Number of protein chains: 2
Amino acid sequence: MSASTRFCVAVHILAALALQRGKPVASEAIAASVGTNPAVVRRLLSDLARAGLTRSQLGKGGGAMLAKAPKKISLLEIYRAMDEPAIVAAPRSTPDQTCLVGRNVQPALRRVTDAAEAAFFDALAGANLKQIVKDIKADSIAA
Amino acid sequence: MSASTRFCVAVHILAALALQRGKPVASEAIAASVGTNPAVVRRLLSDLARAGLTRSQLGKGGGAMLAKAPKKISLLEIYRAMDEPAIVAAPRSTPDQTCLVGRNVQPALRRVTDAAEAAFFDALAGANLKQIVKDIKADSIAA
DNA sequence: GCAAATCGTAATAGAATTAGTTACATAAAT
DNA sequence: ATTTATGTAACTAATTCTATTACGATTTGC
C-alpha cells in the first residue's frame with residue numbers, strides 16, 4: 001500500500017502530547033513539528049479522539065491532550081484508530097468463479113494472511129506510547 | 001497502502017501453475033482465471049521468474065511453469081518477489097529536526113514496527129504453496 | 001524456411017487512494 | 001465582544017496502482 005503514513009504521523013502526534021504532560025497543544029504547533037498542515041493534524045486528532053485516545057479543548061490556550069496515560073496506549077490501539085486498510089489487499093477484479101483456482105484461492109490464502117496479520121498486530125499490541133516516549137528521551141540524552 | 005494486490009494475484013498465478021503439474025500455462029489462460037489482462041500476468045511472472053520461482057517457454061504450446069516444487073515455495077518468497085513497499089510507511093514530509101520529537105520519533109517507532117513486520121514475515125515464511133493448493137482442492141471436494 | 005504462438009517489456013492511460021489546502025461554522029477563554 | 005482554537009467539509013494536487021496497447025524477439029510445428 002501503498003501503505004498509509006497516517007499511523008506514523010499519529011504516533012508523532014501522540015508522542016508530542018505525551019511530552020507535554022497534559023498541557024493542551026494546538027494543532028498548529030503539532031503541525032510544525034510534523035511538517036504538515038494543521039488541518040491534517042486535526043483530522044487525525046479527530047480519529048484519535050473517536051478512539052478515546054485524546055481529547056481537545058477549544059478556545060484560547062486550548063489544544064489536544066492525551067485522554068489516557070501513555071503507558072495505557074498500545075501501538076495497536078493507535079493503528080486501529082487510523083482505520084488502515086488490510087495489509088494484504090484482495091485483487092479488485094473478481095476471479096473466474098467457474099475455475100477451481102479462481103473460486104478457491106482467495107479464501108485459502110486469506111487463512112494464512114489473517115494469521116500473519118494477527119502476528120503483526122500482536123507485536124504492536126506489545127508496545128505502548130510510554131516506551132516510544134522513553135526512547136525519544138534516551139536519544140536526546142545520547143546526542 | 002494502500003496495500004498492493006500483486007501478492008494475492010501472484011499466489012493465484014502460482015497456484016494455477018501448481019495444479020497443472022509442470023504443463024506450460026499461457027498468460028492468457030491465467031489472465032482468464034484471475035480476471036485481468038495477460039500483460040499484467042506476464043509482468044508478475046517476470047518478477048516471479050527473477051525470484052527463481054517460475055520459468056517460461058516461448059512459442060506454440062509455451063507458457064509459464066513452476067521452477068521449484070510447490071512445497072519448496074514459501075509465501076514469504078512470493079511476497080518478497082513482489083517488492084511490496086513497507087507495511088508501515090514513513091511520512092512523506094520530513095519532521096522538524098530542531099524539535100525533540102521531530103528528530104526522534106521515527107527511529108523510535110521503527111524499532112517497534114520492524115519487529116512487527118518481522119512477525120508478519122515469519123508467519124508467511126511458515127506457509128508454502130503446497131498448502132494453498134491442498135486447501136484449494138479440499139474446498140472443491142467439500143463443495 | 002515460414003507461419004503461428006507466446007513471451008518480455010516499454011509506454012501510456014485510466015483508477016483509486018492519499019495528503020495537502022482552503023474555508024468556515026462553532027465553541028471556549030479572557 | 002474579541003480572540004483563539006477546534007471540527008469538518010469541499011476541493012485540489014500528488015502519488016501509486018492497475019489496465020491497456022503495442023511491438024520486437026523467440027520458439028514450436030509443419
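A note on names: the letters A, B, ... follow the listed sequences, proteins ahead of strands, and every chain is numbered from 1. Just so it is clear, the model here is predicted, and its values are computed rather than measured.
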For DNA chain C, which residues in residues 25-38 of chain A have a heavy atom at a distance below 4.0 Å?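 Heavy-atom contacts with DNA chain C come from T36(A), N37(A).
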For dT18(D), does OP1 or OP2 lie under 4.0 Å from any side-chain N or O of R92(A)?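 No, R92(A) has no side-chain N/O under 4.0 Å of OP1/OP2 on dT18(D).
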dT18(C) phosphate, OP1 or OP2: any side-chain N/O from T5(A) under 4.0 angstrom?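 The answer is no; no side-chain N or O of T5(A) sits under 4.0 Å from OP1 or OP2.
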Check whether any side-chain heavy atom of [X] sits under 4.5 Å from a side-chain heavy atom of [Y], and report yes or no.
X       : Y       : answer
V112(B) : I132(A) : yes
L44(B)  : V9(B)   : yes
K137(A) : L19(A)  : yes

Could you pick out which residue, G63(A) or S93(A), lies toward the 5' side of DNA chain D when each is mapped onto its nearest nucleotide?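 It is G63(A), whose closest nucleotide lies nearer the 5' terminus.
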Distance from I136(A) atom CD1 to Q106(B) atom CD, nearest 0.5 Å?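 Spacing of CD1 (I136(A)) from CD (Q106(B)) equals 9.5 Å.
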Check residues 113-124 of chain A and write down every donor-acceptor pair under 3.5 Å in which the side-chain atom is one partner and the other belongs to a residue at least two apart or another chain.
from: T113(A); atom 1: OG1; to: L109(A); atom 2: O; distance (Å): 3.4
from: T113(A); atom 1: OG1; to: R110(A); atom 2: O; distance (Å): 3.3
from: E117(A); atom 1: OE2; to: I87(A); atom 2: N; distance (Å): 3.2
from: E117(A); atom 1: OE2; to: V88(A); atom 2: N; distance (Å): 3.0

In whole Å, what is the span from the [atom1] atom of [X] to the [atom2] atom of [N]?
X      : N       : atom1 : atom2 : result
R6(A)  : dT17(C) : CZ    : P     : 11 Å
I87(A) : dT17(C) : CD1   : P     : 18 Å
L17(B) : dC7(C)  : CG    : P     : 11 Å
F7(B)  : dT16(D) : CZ    : P     : 22 Å
I13(B) : dT18(D) : CD1   : P     : 12 Å
M82(A) : dT18(C) : CE    : C1'   : 14 Å
D47(B) : dC7(C)  : CG    : P     : 15 Å
E84(B) : dC17(D) : CD    : C1'   : 11 Å

Donor-acceptor list for residues 94-102 of chain B side chains, cut-off 3.5 Å, not counting sequence neighbours:
from: D96(B); atom 1: OD1; to: T98(B); atom 2: N; distance (Å): 2.9
from: D96(B); atom 1: OD1; to: T98(B); atom 2: OG1; distance (Å): 2.8
from: D96(B); atom 1: OD2; to: T98(B); atom 2: OG1; distance (Å): 3.2
from: Q97(B); atom 1: NE2; to: P95(B); atom 2: O; distance (Å): 3.2

Quick one: side chains of residues 25-36 of chain B, donor-acceptor pairs under 3.5 Å with protein atoms, not counting sequence neighbours, listed by atom name and distance.
from: S27(B); atom 1: OG; to: R42(B); atom 2: NH1; distance (Å): 3.1
from: S33(B); atom 1: OG; to: H12(B); atom 2: NE2; distance (Å): 2.8

Within the side chain of N128(B), is there an N or O that forms a donor-acceptor pair under 3.5 Å with the backbone of Q131(B)?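 Indeed, once roles are kept as given, a pair shorter than 3.5 Å links the two residues.
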Please produce a list of atom pairs where a protein N or O lies less than 3.5 Å from an N or O of nucleotides 8-12 of chain C.
from: dG8(C); atom 1: OP2; to: S56(B); atom 2: OG; distance (Å): 3.4
from: dG8(C); atom 1: N7; to: R42(B); atom 2: NE; distance (Å): 2.9
from: dG8(C); atom 1: O6; to: R42(B); atom 2: NH2; distance (Å): 3.1
from: dT9(C); atom 1: OP2; to: S46(B); atom 2: OG; distance (Å): 2.7

Ignoring hydrogens and angles, write down the donor-acceptor pairs under 3.5 Å from the side chains of residues 53-73 of chain A, residues two or more places apart or on other chains.
from: T54(A); atom 1: OG1; to: A49(A); atom 2: N; distance (Å): 3.3
from: K68(A); atom 1: NZ; to: K72(A); atom 2: O; distance (Å): 3.4
from: K68(A); atom 1: NZ; to: E77(A); atom 2: OE2; distance (Å): 2.9

